[in-house]
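Inspection log for the structure reproduced underneath, given as structure tokens.
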Amino acid sequence: MNTLLIKNVSHHYQNNKPILSNIDLKINNGEFYSLIGRSGCGKTSLLNIASGLLIPQEGQVMINNAPLCGPIAEAGFVFQSPTLLEWKTVLQNTLFPIEIKRKSTQQEKERANYLLSLMKISELAHQYPLQLSGGQKSRVAIARALIKSPPFLFMDEPFAALDAITREELQQDLISLCATHNTTVIFITHDIAEAIYLSDNVAVIGQGKIIYNTHIPLAKPRLSQVRYSKEFNQLSHKLRQALEGGDSL
Ligand SMILES: Nc1ncnc2c1ncn2[C@@H]1O[C@H](COP(=O)(O)OP(=O)(O)OP(=O)(O)O)[C@@H](O)[C@H]1O
């Protein structure tokens, strides 16, 4: 079981006004949970708290019923910028979370190649980041985040810089990967449709609180056509309304 519980969390930086106040959130095993909200509302701060990168002033994060006191050991991270090491190949970048501590085994190299094939970039394994497009770099960053089969995945606007079609392809690949590995995911996006398509639940953050929280009742596995359904549009409309009621900077 890989569950994450955020209990009554409040946070402010230095002497500034509170960014988050009294946040409660439960993310169940294998759930895909998206956070949306206006720029500066505290999404990244909440993701950092949930992953143990940031300790909140008040409240607690529980992982599988145990209090979290530092970064979650077995977690994968993907950020908006893929941050690959330019002097390492795609395969070496994918293996980096292992190689930073020790030499990778043959089995781990096979897993890296397997993930690259799932990400549809096998043929790029021996290329360097400078030779890749933005979408290809994002695929490497996802493969790298999954190399240790982490039970938890934290993603902060990982597809923001991509064109619409590449973005939809990656969304599809991410859904299948997470379903296969039963990964518990927290995903930040500014894109309402992306949040609906990927998620089991979407929370809207505004004024330091969760102002709206909804389950996404669309059947899984999701096919691209669902994006044009009436149900999808109704969900978009509700989330949009919730966002408009939220805080803005
Ligand atoms: N390390 C920090 N020190 C001081 N203030 C910070 C720090 N990190 C974030 N903030 C402030 O906290 C607020 C929330 O920032 P955060 O990055 O969590 O928001 P966000 O919702 O992820 O924003 P965006 O959508 O623009 O990425 C902002 O006002 C920001 O300036």
Side-chain angles (χ1 to χ4, degrees), residues 4-27 31-61 63 68-72 75-83 134-135 137-138 141-142 145 152-164 166-167 170-171 174 184-199 201-214 216 235-236 238-249:
L4 196 152
L5 187 63
I6 296 172
K7 279 170 69 180
N8 205 22
V9 157
S10 299
H11 191 71
H12 61 87
Y13 291 100
Q14 291 96 34
N15 295 324
N16 298 336
K17 65 174 181 145
I19 300 297
L20 300 167
S21 44
N22 307 108
I23 300 271
D24 287 308
L25 205 61
K26 183 172 186 207
I27 303 169
E31 220 166 43
F32 200 116
Y33 215 112
S34 285
L35 305 177
I36 62 174
R38 305 288 286 267
S39 191
C41 71
K43 302 178 294 296
T44 299
S45 304
L46 184 56
L47 182 129
N48 288 342
I49 288 170
S51 60
L53 293 176
L54 180 66
I55 303 299
Q57 257 102 25
E58 285 175 40
Q60 202 166 41
V61 177
I63 298 289
L68 182 67
C69 304
I72 302 182
F77 290 87
V78 187
F79 302 105
Q80 183 175 353
S81 161
T83 59
K137 285 183 193 167
S138 294
I142 295 172
F152 294 96
L153 189 55
F154 297 92
M155 307 183 86
D156 194 347
E157 297 185 56
F159 307 146
L162 304 178
D163 72 83
T166 306
R167 196 169 174 142
L170 272 174
Q171 289 166 0
L174 180 64
T184 302
V185 187
I186 299 190
F187 188 95
I188 294 178
T189 180
H190 281 285
D191 183 333
I192 295 175
E194 179 168 82
I196 297 171
Y197 188 68
L198 290 173
S199 309
N201 288 288
V202 179
V204 181
I205 302 179
Q207 291 133 10
K209 296 185 178 299
I210 292 178
I211 51 176
Y212 186 71
N213 197 343
T214 184
I216 304 295
L235 286 162
S236 295
K238 275 196 186 149
L239 285 168
R240 165 104 204 180
Q241 278 183 321
L243 271 173
E244 280 172 357
D247 205 0
S248 76
L249 283 184

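Numbering of ligands and ligand atoms starts at 1, following listing order. Counting begins at 1 with the first residue of the sequence.
- The nearest non-hydrogen atom to atom 21 (O) of ligand 1, considering only K43, Q14, H12, comes from K43.
- Between D191 and R167 there is a salt bridge, since a side-chain N of the basic residue sits under 4.0 Å from a carboxylate O of the acidic one.
- If you look at F187 and Y33, their ring centroids are not closer than 6.0 Å.
- The N/O atoms of H190, backbone and side chain alike, include one that comes under 3.5 Å of an N/O atom in ligand 1.
- Under the 3.5 Å distance criterion, with hydrogens and angles disregarded, no donor-acceptor pair is assigned to the side chains of N48 and S45.
- Every atom of ligand 1 with a heavy atom of S45 under 4.0 Å away is listed here by number and element: 15 (O), 16 (P), 18 (O).
- When atom types are taken as modelled, the side chain of S199 and the backbone of A195 share a donor-acceptor pair closer than 3.5 angstrom.
- Ligand 1 is approached by C41 to a heavy-atom distance shorter than 4.0 Å.
- The residue from L46, I36, L47 that alone fulfils the side chain to side chain contact (heavy atoms under 4.5 Å, CB included) condition with I188 is L47.
- The ligand atoms of ligand 1 that sit less than 4.0 angstrom from a heavy atom of E157 are 27 (O).
- Sorted by first and then second residue, the side chain to side chain donor-acceptor pair (under 3.5 Å) pairs involving residues 51-61 (not counting sequence neighbours) are H11-Q57.
- Under 4.0 Å from ligand 1, the heavy atoms of I19 that appear belong solely to its side chain.
- Geometrically, ligand 1 and G40 share a nitrogen or oxygen pair separated by less than 3.5 Å.
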